[in-house]
Structure formats: structure tokens, C-alpha cells
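Structure record follows, encoded as C-alpha cells.
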Amino acid sequence: MKKVILGVTGGIAAYKAAELARIFIRSGSNVQVVMTEAATEFIAPLTFQTLTTRPVYIKMYAERSDAEIRHIDLVADADLLVIAPATANTIAKMACGLADNLLTTLYLAATCPVVVVPSMNVNMFENRAVQDNLEKLEERGCHIMDPDSGELACGVYGRGRMPEPSDIYAYCRSVFLPDDFKGIKSIVTAGPTREPLDPVRFLSNPSTGLMGYALARALSERGADVILISGPTHLNPPAGVKIINVTTAEEMYESVVSNYSRANLVIKAAAVSDFRPLEPVDHKVKKNEAGLLLKLTHNRDILDELGRSKNNKILVGFAAETGDTLKNAHKKLLNKNLDLMVANDISDPGAGFAVKTNRVSIISRDGEVEQLPLMDKEELAHEILNRIVKLLQ
Ligand code: CTP
């Protein structure tokens, strides 16, 4: 998405479009903002002008002599037109083919993908006229992003909230991705588990869940049904993904196993604790009553269990190693009856826990190893899916 036209219309969520512009810019896009007159009542053009370092276009006709062809110029080489927020009024004009302002004119002249992000009061959104207009736009090839549910600016609860800018960005990106996982029911596990010693202490590890969440997002962007079973993290679940929150390895085990029969694909990116305290205590252990020896017992190995009733499901594991990475990872792959193992040496700086990047090797059943360069976990998620899709075919 080199050149993005961001259309902003007059809704209260217009302020969120500023953050959306920033996200596009941060990811390397050139952003040209086009506002309706009504939008300028909600947010100043100067905000967008400062963020994008470009003039903001509002009026159809301006003083410049080249103004008459401006709309064609703007949209001719655009990769994406995204209208966020899109009001009921602008949606209606688009559905009717009206071109009474610069933005609706641009829409008619656009040949690039168009993303529409409706944002309005729940009753307006559910009104038959708005729904019919959205349906028309969808039929004509626009990508309509579902609004979120929650508290709306007018104080009522319901559907109509503009989604978070990061989710809108992910949705826009998905427009350019293949839907090669359509119809695939997948389970992704992510994050650490916590094994309680007493009500205020637990055993855990530094996993933040970034890799698993990136995989869940990438799968959803490529059309899969995704259940994300997550240990405790601070991440927001990706849009369109069903999230199940768990705390302990045993809870993760129960949750994965109970969803397994319907799945075609399981990716186990979670850092599951192999042990738990043998006798967790139900009250806070006082320092003078604590012994210095901690008795542990093994947790069940979830992947190992899945591998025993694999049939034609695809199973993908992650191996965190600190030495002999490839050999250990391939051994784990065979022992757990997996199709692919993503192995990383967690002593390698820039790879592994709690960093945004990772450097991994992907190992297949026959021991073939593909070493990937250091990359962002979001990008890596798609690289891993590119390997998995070949196995699904
Ligand atoms: N795994 C699991 N259940 C466990 C432990 C691990 O499903 N109780 C999964 C992880 O989610 C990962 C894979 O098994 O996909 C490998 O995990 P890892 O911790 O690298 O290996 P272990 O099998 O636990 O072996 P070790 O800790 O001895 O290296």
C-alpha cells in the first residue's frame, strides 16, 4: 500500500482517523487525506496536514488552475481508498453514485480497492436504508468493515462504533492478501501459562504472546476461522478471532482438546509450563512458614496428546531452544507427530521471548530445514502460513 487516500467524513469518530493516518505512515505508506466539509467540524484539517506533511483536500473547486482535474489526479495512482469513519450520508451518496463533493467524486473515479468503515449510532446503522446501501456497495466490490459493538458516543450501547485504528489497518492489509485459508478451522495457542504456588505467586515465563497473536491475525486476514486460546497477555485480540482466555497449562489443555475435533489446523505458539507446583496452597504462604524446596509435578503435554489423534489435521509446533536447536526441534517434531516445527534459539538477541522480531528455522517432517532471516513477527506469521498452506493443499 504505497499510496493511500484516507477519506474522513463527519462523524464523532473522525478523531480516530488521525491515529489511522499515523499507522499507515509508520508502515511506509504515503497518505493523502480528503475530508468532507462536515468532517472539519469534528477535527481540524491541520491535524492531518501535520501528520501527513501534505495539504488536506476538502473542496472540489479551488483557486488553482489545475483544480478541475484534481480528483482524477488524486485517485489515478492510489493503491487504496479507505473511508473512515464513513457516515450514513456519505454511504448513501456512494450507493447512489452522487458526486457532490471531492470525496464522493474520488470514489466514483477510483479503480483501486475501496474500504468503507461505517460508524454511527446503532439505530442509524441498523436502519434498512443504511443496510441496503452497504449491501449495494459490497455488491459493487467495496470492502465493508463491520463496526464494533460497545458504548457509542451518543451514550447508547450497540453496533456502530468505529473499530480501533490498528484493526482498520489490519483489515485494509487483508484486502491485498489471498484468502487461501478460507474454510480452514484453526486453533492457535499463545502466551505463557501461570502455575499458582499460592493465591499471590506463580511459576511462569517471559512469553508476551506476540507471535501467537500475529499468527491468529494473519490466519484471520487470510480467511480462516480462528480460535485463539491465550494465556495471560496484555495484547488486544485481533478483530474477527474468537478468543478463549486461560491461565494454567491444565486449562489450556482442556480448552485445546475440547475444540480439537472441529479443527483442521493447530498452531501451538504458547510457551506452556512443563511443571506446576505439586501442592499449591490456598492461602498466602508467610515467609517464615515457607520451606525452600518447591515440589513440582509434570503438566500434560498438549501437542503430544494432539499428535496421538492427528488423522489428517495439520499440527505445527514451536521449539524454544538454547543449544542444538535444529536437532532438538526435529526430535520434538517426530516425537509429537507434527507436520512443521518452528525452531528458534532463544539465546539469540532479537529472537524469542518479548521482542517484536524473531529469527527462526522451519523444519519439516523429513528433516528439511529452511532458515529465515530476522524479521518482524507479523511478517514472520505470514511466512509461516505460506509454508502451512502448501501442506493443506
Ligand atoms: N507444548 C505443549 N504442552 C506442553 C509443553 C509444550 O503443547 N506441556 C508445546 C509448545 O506449545 C510447543 C512445543 O510443545 O509448540 C514445544 O515446546 P518446548 O517447550 O520447546 O518443548 P518441550 O516439549 O516442553 O520440551 P523441553 O521443555 O524439554 O525442551
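Quick note: residue numbers are just sequence positions, from 1. Remember, it's 1-based here, ligands and their atoms both numbered in the order they're listed. Values in this document were obtained by computation on a predicted structure and should not be read as measured data.
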**Study point:** Within-shell test, Ala249 vs ligand 1, heavy atom, strictly < 4.0 Å
**Key:** no

Check your understanding: Do Glu321 and Lys332 sit within salt-bridge range, that is, some charged N less than 4.0 Å from a carboxylate O?
Key -> yes

Exercise for review: Below 4.0 angstrom from a heavy atom of Gly317, which ligand 1 atoms are there? Numbered from 1 as shown, please.
Suggested key: 15 (O)

Review point. Under a 4.0 Å N-O cut-off, is there an ion pair linking Glu370 with Arg387?
Key: yes

Exercise for review: Measure the distance from atom 11 (O) of ligand 1 to every protein heavy atom, then report the residue, atom name and distance (to 0.1 Å) of the closest one.
Suggested key: Ala270 O, 2.9 Å

Check your understanding: Does any N or O in the side chain of Thr52 come within less than 3.5 Å of the main-chain N or O of Phe48, such that one atom is a donor and the other an acceptor?
Key -> yes

Practice item. Would you confirm whether Tyr260, through its side chain, and Leu306, through its main-chain N or O, come within 3.5 Å as a donor-acceptor pair? Key: yes

**Study point:** Top protein contact for atom 26 (P) of ligand 1, by heavy-atom distance
**Key:** Lys332 NZ, 3.9 Å

Exercise for review: For the pair Thr104 (side chain) and Asn101 (backbone), establish whether a donor and an acceptor sit closer than 3.5 Å, ignoring hydrogens and angles.
Suggested key: yes

Exercise for review: Would you mind telling me if ligand 1 is within reach of the side chain of Arg300, the backbone, both or neither, using heavy atoms under 4.0 Å?
Suggested key: backbone

Exercise for review: Just need the protein heavy atom nearest to atom 5 (C) of ligand 1, so name the residue and atom and give the distance.
Suggested key: Asp274 OD1, 3.3 Å

Practice item. Considering only NZ, NE, NH1 and NH2 on the basic side and carboxylate oxygens on the acidic side, decide whether Glu254 and Arg300 come within less than 4.0 Å. Key: yes

Practice item. Give the numbers and elements of all ligand 1 atoms closer than 4.0 Å to a heavy atom of Ala319. Key: 20 (O)

Check your understanding: Nearest protein heavy-atom contact for atom 3 (N) of ligand 1: which residue, which atom, what distance?
Key -> Ile302 N, 3.0 Å

Review point. In the protein, what heavy atom is nearest to atom 15 (O) of ligand 1, and what distance, to one decimal place, separates them?
Key: Lys268 O, 2.7 Å

Exercise for review: Test His298 against Arg276 for side chain to side chain donor-acceptor pair (under 3.5 Å), laying out the working first.
Suggested key: CA-CA 6 Å; His298 278 103; Arg276 67 177 185 277; over 6 Å; no

Point to revise | Short N-O contact, Lys136 and Asp132, less than 4.0 angstrom | key: no

Exercise for review: May I ask whether Lys336 has any heavy atom positioned less than 4.0 angstrom from an atom of ligand 1?
Suggested key: yes

Check your understanding: Does Leu303 approach ligand 1 within less than 4.0 angstrom via side chain, backbone, both or neither, non-hydrogen atoms only?
Key -> both

Check your understanding: What is the nearest protein non-hydrogen atom to atom 17 (O) of ligand 1, stated with its residue, atom name and distance?
Key -> Phe318 O, 3.5 Å

Check your understanding: Which atoms of ligand 1 have any heavy atom of Ala320 under 4.0 Å away?
Key -> 20 (O)

Review point. Is the closest protein non-hydrogen atom to atom 28 (O) of ligand 1 under 4.0 Å?
Key: no

Review point. Would you call Lys356-Asp376 a salt bridge at under 4.0 Å N-O?
Key: no

